[in-house]
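Throughout, residue positions are numbered sequentially from 1 according to the sequence presented. Scope of the values below: all heavy atoms of this structure, side chains included, with no hydrogens, waters or symmetry mates. For ligands, and for the atoms within them, numbers begin at 1 and follow the listed sequence.
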Amino acid sequence: MARSAVTTEFADRLKALPPYLFVKIDSLKKEMIAKGVDVVDLGIGDPDTPTPAPIIEACARAARDPANHRYPSNLGLAAAREAAAAWMHTRYGATCDPATQVFPVLGSKEAIAHIPLAFVNPGDVVLVPDPCYPVYRSATILAGAEYHSMPLVEQNGFLPDYDAVPKDVRRRARLMYLNYPNNPTGAVADEAFFARTVEFARANDIIVVHDAAYLEVAYDGYRPPSFLAAEAATEVGVEFHSLSKTFNMTGWRIGWAAGNAEIIAGLAKVKSNIDSGMFQALQLTAVEALSGNLSSWRAELTALYTTRRDILCDGLNAMGWRVAKPKASFYVWARVPEGMTSADAAGDLLEHGGVVAIPGTGYGPAGEGYIRMSLTLPTERIEEAIKRIAPVFKRWQSR
Ligand SMILES: Cc1ncc(COP(=O)(O)O)c(C=O)c1O
């Protein structure tokens, strides 16, 4: 590689980002693969089955139309905003004005990363759950703000305890991230929790950003609520939706923000200076996904994830590893045996079983004592994982 003839030292804000915590497990995984080990990867949270055919066809049709080839409006097509508003109304009972309360985003990750730029000044505080999707923390740091961790512990159903947030932190907090169904814990929140959240946000003047990426991945007939269905939620916050996990479309980068019109306007202002809107063909693809009849496809996908969840959880429980079946999300959050760290457990599973699981500490310090296993790999691979985990778990028990 040619040496740089210019200073390439990273800016302070980039240097301030925490190190990538999966480095060790990643290099161990590469080492094992290089040795020819057939690694079972329970690490990835990325749907392994394809996007439904009618969605792909709608995209192909829209891509052929030259009317869709020019710069789109940042605001998005009315048809796409209306389809998102209708979806939220029929599926969650949430009411949003498509003209002012719905806004297209290029996957929810970029919206999560950009929103603090609109509302948070250096020195402000952002409340972040711990463990969490790591982008909440890095977005806060990139905006020059500080994060205050709200630990998610099993005894509280992995919900934050707002009473534990110190008074001076509440005073300085401008924004709060939440995510239910939750990555990585698989926990869910009920309407009462969202009502408490609105109360807390109002009392302390804190913007709520609810990440609803997994709202459509649920089991046993359970329907997770939308934050926006809570009374007065649109007075205090926004919710980010995504087609990624909802329609097996992680590669397509389609989502939307919904909720408070002024908060949406702030996000829109940031984004109008950074990107140039969503390819219109993708917006029309979203209309097909949200308005088409995919209920039997969804039922099949739910049945598939349910089978996998049951194979993994029943298999672990049968060997004596007590894990709870998640009600939603495609993650199993498993406590590691007493006296072991998350990294020890994940390292052992990989080294002695050829199975990748993510150490809980990758999601924050409060993830210590857990590992995350994902259901987005073929069912027979999950069966294979169980066979391989059993002897490793037996060894742990006989320590
Ligand atoms: C909790 C959570 N939020 C957001 C995202 C990002 O999703 P998107 O594909 O919409 O950017 C992910 C991706 O894994 C996630 O786990």
With sequence neighbours excluded, tell me which residues meet side-chain hydrogen bond (donor to acceptor under 3.5 Å, both in side chains) with Ser244.
->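 Testing Ser244 for side-chain hydrogen bond (donor to acceptor under 3.5 Å, both in side chains), a comparison that skips the adjacent residues, returns Ser242.
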Contacts of type side-chain hydrogen bond (donor to acceptor under 3.5 Å, both in side chains), residue Asp38, not counting sequence neighbours =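 Arg381, Arg388.
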Within 45° of the six-membered ring axis of Phe119 and under 6.0 Å from that ring's centre, is NZ or CZ of Arg174 located there?
->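 Verdict for Phe119: no cation-pi partner in Arg174.
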Does Arg309 make a cation-pi contact with Tyr219 (under 6.0 Å, within 45 degrees of the axis)?
->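 Positive - Arg309 is close enough to the ring of Tyr219 and near enough to its axis.
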Mind checking what makes side chain to side chain contact (heavy atoms under 4.5 Å, CB included) contact with Ala229, not counting sequence neighbours?
->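 Ala229 satisfies side chain to side chain contact (heavy atoms under 4.5 Å, CB included) with no residue once adjacent residues are dropped.
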For ligand 1, find each of its N or O atoms that sits under 3.5 Å from a protein N or O atom, and tabulate the pairs with distances to one decimal place.
unit_1	atom_1	unit_2	atom_2	d
ligand 1	3 (N)	Asp211	OD1	3.3
ligand 1	3 (N)	Asp211	OD2	2.5
ligand 1	7 (O)	Ser108	OG	3.3
ligand 1	9 (O)	Ser244	OG	2.6
ligand 1	9 (O)	Arg253	NH1	2.8
ligand 1	10 (O)	Ser108	N	2.8
ligand 1	10 (O)	Ser108	OG	2.7
ligand 1	10 (O)	Ser242	OG	2.6
ligand 1	10 (O)	Ser244	OG	3.4
ligand 1	11 (O)	Ser108	N	3.2
ligand 1	11 (O)	Lys109	N	2.9
ligand 1	11 (O)	Arg253	NH2	2.6
ligand 1	14 (O)	Lys245	NZ	2.7
ligand 1	16 (O)	Asn183	ND2	2.8
ligand 1	16 (O)	Tyr214	OH	2.7

Are Asp220 and Lys325 ion-paired here, with the side-chain N under 4.0 Å from a carboxylate O?
->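 No, this pair does not count.
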